[in-house]
Amino acid sequence: MRYFRLKKRKEFSAVLKQGRRAYAGSLAIVYMPSETLKMAVCVGKKYGKSVRRNRIKRLLRAAFSQYAESIVPCSVLLIPRVAETYSFSVFSKDIRKILEREHLIAHQS
RNA sequence: UGAGCGGACUGCGCGGUCGCGGCGCGAGAGAUCGCGAUGAGGAAAGUCCGGGCAUCGCAGGGCAGGACGCCUGAUAACGUCAGGUGGAGGCGACUCCAAGGAAAGUGCAACAGAAAUAGACCGCCCGCCGAAUCCCUAUUCCGAUAGGGCGCCCACGGGGAGACCUGCGGCGGCGAGCAAGGAUGGAAAGGCGAGGUAAGAGCUCACCGACGGGACGGUAACGCCCCGUGCCAUGUAAACCCCGUCCGAUGCAAGUUUGGGACUUCUUCAUAUAGGGUUGCCCGCCCGAAGAAGUCCGUGAAUAACGCUUGAGCCUGUCGGCGACGGCAGGCGUAGAUAAAUGACCGCGCUCGACAGAACCCGGCUUACAGGUCCGCUCAUAUC
RNA sequence: GCGGGAAUAGCUCAGUGGUAGAGCGUCACCUUGCCAAGGUGAAUGUCGCGGGUUCGAGUCUCGUUUCCCGCU
């Protein structure tokens, strides 16, 4: 089971307005229940130039896709924290921590 | 060997597992799945120029505005490039230069300096008048000049409260001549030397510079030579400006197509010297505009498809050209996303990997960039 | 992606190519028993940064950095 991308501005606003927020050390997650699993990352200009922003987005997508199989259907926004350096292992660990705390993991394999 | 100059290229590699965006093939009613090949740069950046392309305007005209500026060529075009000219820098290889016009006109040139785009303040020299006008020696064209001494009564300068001391034989006024000298300044009416003169002056002469004319070389910018003119007009045009060349506006969020458009009614604004559109303005040209409700249809709306990648394309060879570049022949098929694709993990290697991510497409410019490779050349030193 | 604008004292802003200014703030003094208000005086600048033009640049010009605004 793969995830879909969250594209529409309406959906973005809806999630940001009505969604539930959860925080870990390196990032924040905003989510609300929906029919299918949808995900988006938020990386604005404040994170640096385009190479740096692309790097952050790739790391977040890669980290998220590890758990995509097992998450209950909902709309998810990943918002990283501004930092000096970013790493896959820290993102992966923090996403897992949040998913477990918020009971978003459906069937543990 | 050291220091340096110019040009070209490269800018992590190999293997495995799991993933991402187009594309092709296959399966499936469809969602989707499988396989295969492919997938960021030299600057993709800044958006500083030039084009293509698209829409609007096209009887169009004028004004304004903008850009550029040695010459010749290259090019679709350019503010780019190539080759040359002139100037500046460097021992040199070589590098840099927005490099037309200041006798078309206007403006500006602070401070300093006597004076700033033109004059005569000081000064030099001659004549006259006034004060004063010592002595010795030499020369003498009998005006004086040079050297030495004496002296501060008179004049000028300096010092001192003053008496006075001291430099000097020295001054002041008027008139005429001159523009050589005068601590300034970025710039002071060609420079330097000689002659000349009462003192001076391109007043005269040589050389250099400037200007004008001519011959020769060069497509030209320009170079070089000869002759002439004593020479007169500072700088600034990246101040206004003049001359020459060029420019319609807006930018793919341009724009095209489909899907909601048609009809009826009402309201609001404007109603012709008005308003809107057309290029910033004027003339000219064209035209009413916006909203709401009802009926039919449809429902995804900053959306979908097209534009969207075969193009002034890239590579190789050859020919023409000093070169930029162009001609011919052969070969190649090389990202097209749209909340937006290259990542994660593991292993090995080394010098431990810089600047940095396509968004309509090209040609340039500019800026950023760890390191590495190659070619050509210069200077210094040593040896042969 | 495309187009436009700004940067001057701690803050808000002026500024004709010729010595960088105003207001608020800061500091010192006067005034007051003390504070505020008032008065007098003073300090404060890489004119964002780097080249060029000019005798001379905050101003003209080229590049660069940062920030702001508009366009669906």
Side-chain angles (χ1 to χ4, degrees):
Chain A
M1 169 89 187
R2 292 171 50 207
Y3 64 91
F4 295 90
R5 285 176 297 177
L6 186 60
K7 295 181 178 182
K8 302 268 185 299
R9 192 180 188 81
K10 277 183 186 169
E11 299 175 297
F12 260 74
S13 316
V15 172
L16 281 171
K17 263 188 169 174
Q18 304 162 20
R20 187 175 157 79
R21 288 152 197 269
Y23 302 91
S26 63
L27 77 161
I29 289 181
V30 185
Y31 70 96
M32 65 183 279
S34 62
E35 293 183 4
T36 57
L37 179 58
K38 290 182 174 180
M39 186 276 279
V41 295
C42 290
V43 182
K45 279 263 172 90
K46 65 177 178 179
Y47 295 88
K49 297 193 174 188
S50 56
V51 173
R52 199 175 169 81
R53 296 200 301 271
N54 281 340
R55 171 83 182 156
I56 296 169
K57 287 189 264 186
R58 284 166 187 156
L59 289 172
L60 283 173
R61 286 202 204 97
F64 182 79
S65 62
Q66 283 186 315
Y67 309 104
E69 294 283 337
S70 53
I71 299 177
V72 291
C74 59
S75 295
V76 179
L77 283 181
L78 302 182
I79 304 168
R81 191 164 294 213
V82 176
E84 287 286 310
T85 56
Y86 305 87
S87 78
F88 174 80
S89 56
V90 172
F91 280 145
S92 177
K93 208 172 64 190
D94 286 336
I95 289 173
R96 185 179 184 83
K97 203 191 289 178
I98 291 172
L99 292 179
E100 286 177 347
R101 193 200 298 153
E102 300 292 326
H103 308 291
L104 289 172
I105 295 186
H107 38 81
Q108 198 85 10
S109 58

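Keep in mind that the numbers below use all heavy atoms, side chains included, and drop hydrogens, waters and symmetry copies. Residue numbers begin at 1 in each chain, while the letters A, B, ... track the order of the sequences.
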Participant: So which nucleotide does B:C53 pair with, by the Watson-Crick or G-U wobble rule with both distances under 3.5 Å?
Facilitator: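 Base-paired to B:G251.
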Participant: In whole Å, I'd like the distance from the CE atom of A:Met39 to the P atom of B:C20.
Facilitator: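 Nearest whole value for this atom pair: 12 Å.
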Participant: With P as the reference atom in both, quote the distance from B:C325 to B:U75 in angstrom, rounded to an integer.
Facilitator: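 Going atom to atom, P in each nucleotide, I get 10 Å.
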Participant: How about A:Ile79 and A:Val30: do any of their side-chain heavy atoms sit closer than 4.5 Å?
Facilitator: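 Answer yes - side chains close enough.
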Participant: Going by purine N1 to pyrimidine N3 plus the second Watson-Crick contact, or the G-U wobble pair, all under 3.5 Å, which nucleotide sits opposite B:G313?
Facilitator: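 Base partner found: B:C332.
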Participant: Using a 90° cut-off around 0 for syn, call B:G42 syn or anti.
Facilitator: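 B:G42: syn.
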Participant: Using purine N1 to pyrimidine N3 plus N6-O4 or O6-N4 for Watson-Crick, or N1-O2 and O6-N3 for G-U wobble, each under 3.5 Å, what pairs with B:U197?
Facilitator: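 The base-pairing partner of B:U197, which may sit in any strand shown, does not exist here.
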Participant: Which residues in residues 48-61 of chain A have a heavy atom closer than 4.0 Å to any atom of RNA chain B?
Facilitator: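 Going residue by residue through residues 48-61 of chain A, the ones with a heavy atom under 4.0 Å of RNA chain B turn out to be A:Lys49, A:Ser50, A:Val51, A:Asn54, A:Arg55, A:Arg58, A:Leu59, A:Arg61.
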Participant: Whom does B:A82 pair with, Watson-Crick or G-U wobble, provided both distances fall under 3.5 Å?
Facilitator: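 Answer to the pairing question: B:U72, which forms a Watson-Crick or G-U pair with B:A82.
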Participant: Could you tell me how far B:C33 sits from B:G372 if I compare only their C1' atoms? Round to whole Å.
Facilitator: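 That atom pair is separated by 47 Å.
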Participant: Quick one: ring pair (Phe, Tyr, Trp, His ring centres under 6.0 Å) pairs with a partner in residues 75-98 of chain A, sequence neighbours left out?
Facilitator: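 Listed once each, the pairs would be none.
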Participant: Give none if B:G130 has no partner; otherwise give the nucleotide forming a Watson-Crick or G-U wobble pair with it, both distances under 3.5 Å.
Facilitator: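 Pairing partner: B:C171.
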Participant: On a whole-Å scale, what distance lies between the C1' atoms belonging to B:A116 and B:G62?
Facilitator: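 One C1' to the other, the span is 45 Å.
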Participant: Quote, to the nearest angstrom, the P distance that separates B:G248 from B:A337.
Facilitator: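 Those two atoms are separated by 35 Å.
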Participant: Test of understanding: with side-chain contact (heavy atoms from CB on, under 4.5 Å), list the residues that count as partners of A:Lys49, not counting sequence neighbours.
Facilitator: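 None.
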Participant: In whole Å, what is the span from the CZ atom of A:Phe91 to the P atom of B:G343?
Facilitator: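 Between P of B:G343 and CZ of A:Phe91: 16 Å.
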Participant: Let's test this: given Watson-Crick or G-U wobble pairing with both distances under 3.5 Å, identify the partner of B:G217.
Facilitator: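 Its partner is B:C222 (Watson-Crick or G-U wobble, both distances under 3.5 Å).
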Participant: Given A:Leu27 and A:Arg81, is the side chain to side chain contact (heavy atoms under 4.5 Å, CB included) satisfied, shown in steps?
Facilitator: CA-CA 5 Å; A:Leu27 77 161; A:Arg81 191 164 294 213; 5.9 Å; no
Participant: If you assign A:Val41 and A:Ser65 each to the RNA chain B nucleotide with the nearest heavy atom, which residue ends up on the more 5' nucleotide?
Facilitator: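 Result: A:Ser65.
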Participant: Using the P atom as the point on both nucleotides, what is the distance between B:A110 and B:G185, in whole Å?
Facilitator: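 To the nearest whole Å, 14 Å.
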Participant: Based on the glycosidic angle (syn within 90° of 0, else anti), state the conformation of B:G170.
Facilitator: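 What B:G170 shows is a syn base, its glycosidic angle lying within 90° of 0.
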Participant: What distance do A:Thr85 atom OG1 and A:Arg52 atom CZ have between them, rounded to the nearest 0.5 Å?
Facilitator: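 Atom-to-atom, A:Thr85:OG1 and A:Arg52:CZ are 8.0 Å apart.
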Participant: Do you know the tightest heavy-atom contact between A:Cys74 and A:Pro33?
Facilitator: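 Shortest heavy-atom separation between A:Cys74 and A:Pro33 comes out as CB-CA, 3.8 Å.
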Participant: What I'd like to find out is whether the side chain of A:Pro80 reaches to under 4.5 Å of the side chain of A:Leu60, using heavy atoms alone.
Facilitator: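 The answer is yes, as the side chains (C-beta and beyond) meet within the 4.5 Å cut-off.
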Participant: Quick one: stems for RNA chain C, with Watson-Crick or G-U pairs under 3.5 Å, at least three in a row?
Facilitator: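 RNA chain C forms these stems: C:1-7 with C:65-71, C:10-13 with C:21-24, C:26-30 with C:38-42, C:48-52 with C:60-64.
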Participant: Take atom C1' in B:U204 and the same atom in B:U95, then report the distance between them in whole Å.
Facilitator: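 Taking atom C1' in both B:U204 and B:U95, they lie 48 Å apart.
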Participant: Taking the chi torsion of B:G84, is it syn (within 90° of 0) or anti (everything else)?
Facilitator: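 You should classify B:G84 as anti.
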Participant: Donor-acceptor pairs are to be reported for all side-chain atoms of residues 19-26 of chain A against protein atoms at under 3.5 Å, with residues two or more places apart or in another chain.
Facilitator:
unit_1	atom_1	unit_2	atom_2	d
A:Arg20	NE	A:Tyr31	OH	3.3
A:Arg20	NE	A:Glu102	OE1	2.8
A:Arg20	NH2	A:Glu102	OE1	3.4
A:Arg21	NH2	A:Leu16	O	2.8
A:Ser26	OG	A:Asp94	OD2	2.6

Participant: With rounding to the nearest 0.5 angstrom, report the CG to CD1 distance, A:Leu78 to A:Ile56.
Facilitator: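 That separation rounds to 12.5 Å.
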Participant: Hey, could you give me each pair passing side chain to side chain donor-acceptor pair (under 3.5 Å) that has a residue in residues 54-68 of chain A? Not counting sequence neighbours.
Facilitator: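 Of all non-adjacent pairs touching residues 54-68 of chain A, those that pass side chain to side chain donor-acceptor pair (under 3.5 Å) are A:Gln66-A:Ser92, A:Tyr67-A:Ser92.
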Participant: Sort out the partner of B:G181 for me: Watson-Crick or G-U wobble, both distances under 3.5 Å, none otherwise.
Facilitator: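 By the stated definition (distances under 3.5 Å), B:C122 pairs with B:G181.
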Participant: Where does B:A187 fall, syn or anti, if syn means a chi angle no more than 90° from 0?
Facilitator: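 That one's anti.
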Participant: Expressed in whole Å, how much space separates the C1' atoms belonging to B:A237 and B:U367?
Facilitator: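 Per the computed distance, 31 Å lies between those C1' atoms.
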Participant: Partner of B:A262 by Watson-Crick or G-U wobble geometry, both contacts under 3.5 Å, or none?
Facilitator: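 For B:A262, the partner nucleotide comes out as B:U295, under the 3.5 Å rule.
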Participant: Could you classify B:G11 for me, syn or anti, using a glycosidic angle within 90° of 0 as syn?
Facilitator: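 In terms of base orientation relative to the sugar, B:G11 is anti.
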Participant: Write down the distance separating the C1' atoms in B:G326 and B:A37, rounded off to the nearest Å.
Facilitator: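 Comparing C1' positions in B:G326 and B:A37 gives a spacing of 38 Å.
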Participant: Return the minimal non-hydrogen interatomic distance between A:Phe64 and A:Ile95, and the atom names on each side.
Facilitator: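 Scanning both residues, the minimum pair turns out to be N-CD1, 4.1 Å.
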